[in-house]
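Take a look at the structure below.
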Amino acid sequence: EDGPENTCFIHLTLLPYIATAGELKTKPTQHSVKELREIGIQPDILLCRTDRFLTPDIKGKIALFCNIERDAVITAKDVESIYEVPLLFHQEGLDEKIVEKLNIWTGAPRLEIWKKIVKTTRNPKRNTTIAIVGKYIDLEDSYKSLNEALFHGGLANDASVTLKFVDSEQIEQNGADRSLRDVRSILVPGGFGSRGIEGKIEAIRYSREKRIPFLGICLGMQLAVIEFARNVCKLKGAHSTEFDAKTRYPVICLLTEWIDPRSKTVQKRDESAAKGGTMRLGAYPCKLAKKSRAYEAYKKIEISERHRHRYE
């Protein structure tokens, strides 16, 4: 507000390669810039999405007909991994051009970590296959945050992580061995609803008996408790009241805040009514048993972790 602002308008455009003609077509880019200029917008930089690097002649042609500087025509080439994008744009000079247009100062870019990530993705020292057992596997992005977390875990260990998405309902029909025999570890994520639950429990049993590393997140952890109660503690029919309100062994049930201490009954019996804004949120204190794996991990008895759940 104290003076003129420096701006940088970057326009992303498509530069198709026509195989039969053996050339890149610049007309779509020229026309898109023409349309922008007709409404009073002049791009400072063009990101040209294409499957190959642009030659100096192509960049010169685009710069001439779009009225921008030649070094402002940037190749936005298709890459195998999104982690290659920063390196590619640096190679094309995009970062320097933005700094120039904004008239700001910055230190030299530090790209060592990006280079290490790309090197690991291309040439990992080891590889592993992890099964994600769920019921939304037809849309893999349903577990996008988990996918990326596992991928990043691989990067930290110089490993390539292959994810195998396994439908828990298929495990119910065909057993766990057919779907999980070729994996190195198993993850059961969170979720809601009873569909596919027994398949997830079977996958957990399989991982315990075969001594395959297992991670249960939210519902996945609750199902691990159920599996252990049923098959190790021999509590036949043990379940969560989310799925079986009349189970004899409710090893997972609604939060104790829902229990009326006078009648020892759940205040809201209607399961659908027990939803909405009823989750426990935020940090929650927990006391660990000293002879436990959890204590080995944390190295202390009292911990505090964030939670978002309504069953425990």
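Values reported hereafter were calculated over all heavy atoms of this structure, with side chains retained and with hydrogens, waters and symmetry mates removed. The structure displayed is predicted, hence computed values, not measured ones.
Looking at R70, its side chain does come within 3.5 Å of a backbone N or O of P56 through a donor-acceptor pair. Checking side-chain atoms of R37 against main-chain N and O of V33 turns up no donor-acceptor pair under 3.5 Å. R126 contributes a side-chain N or O that, together with a main-chain N or O of N157, makes up a donor-acceptor pair within less than 3.5 Å. Listed for the E202 side chain is no donor-acceptor partner under 3.5 Å among the backbone atoms of A176. Proximity of a side-chain donor or acceptor of E92 to a complementary backbone N or O of T75 within less than 3.5 Å is detected. A donor-acceptor pair under 3.5 Å is formed between the side chain of R230 and the backbone N or O of A238. In this structure a side-chain-to-backbone donor-acceptor pair under 3.5 Å is present from S292 to A289.
Residues Y298 and E305 bring a donor and an acceptor atom of their side chains to less than 3.5 Å of each other.
With sequence neighbours excluded, the residues satisfying side chain to side chain contact (heavy atoms under 4.5 Å, CB included) with Q173 are Q170.
The CG atom of N147 lies 7.5 Å from the CG atom of D141; values are rounded to the nearest 0.5 Å. With rounding to the nearest 0.5 angstrom, the CD1 atom of I132 is 4.5 Å from the CZ atom of F165. Within the model, atoms OG1 of T106 and CD of E96 stand 10.5 Å from one another, a figure rounded to the nearest 0.5 Å.
The heavy-atom pair separating S207 from F214 by the smallest distance is OG-CB, 3.6 Å. L254 approaches T241 most closely through the heavy-atom pair N-OG1, 3.7 Å. Residues I45 and C8 approach most closely at CD1-SG, 3.6 Å, considering heavy atoms. Smallest separation of non-hydrogen atoms from N127 and R184: O-NH1, 4.4 Å.
A salt bridge links E100 to K97: one of the charged nitrogens lies within less than 4.0 Å of a carboxylate oxygen. In summary, E172 and K135 do not engage in a salt bridge, as defined by a charged side-chain N under 4.0 Å from a carboxylate O.
Within 6.0 Å of atom CZ in R293, 12 or fewer heavy atoms from other residues, nucleotides or ligands are found, so the atom counts as exposed in its surroundings. Environment of CD1 in I113: sparse, with no more than 12 heavy atoms of neighbouring residues, nucleotides or ligands closer than 6.0 Å.
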Next on the checklist: One pair to check against salt bridge (Lys or Arg N to Asp or Glu O under 4.0 Å): K59 and D71. What are the steps and the verdict?
Outcome noted: CA-CA 8 Å; K59 287 188 176 184; D71 62 354; over 6 Å; no

Item to check | Intermediate values then yes/no, salt bridge (Lys or Arg N to Asp or Glu O under 4.0 Å), K116 and E112 | outcome: CA-CA 6 Å; K116 183 179 179 181; E112 293 78 13; over 6 Å; no

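If you run side chain to side chain contact (heavy atoms under 4.5 Å, CB included) between I252 and each of L223, V225, T247, L219, only V225 comes through.
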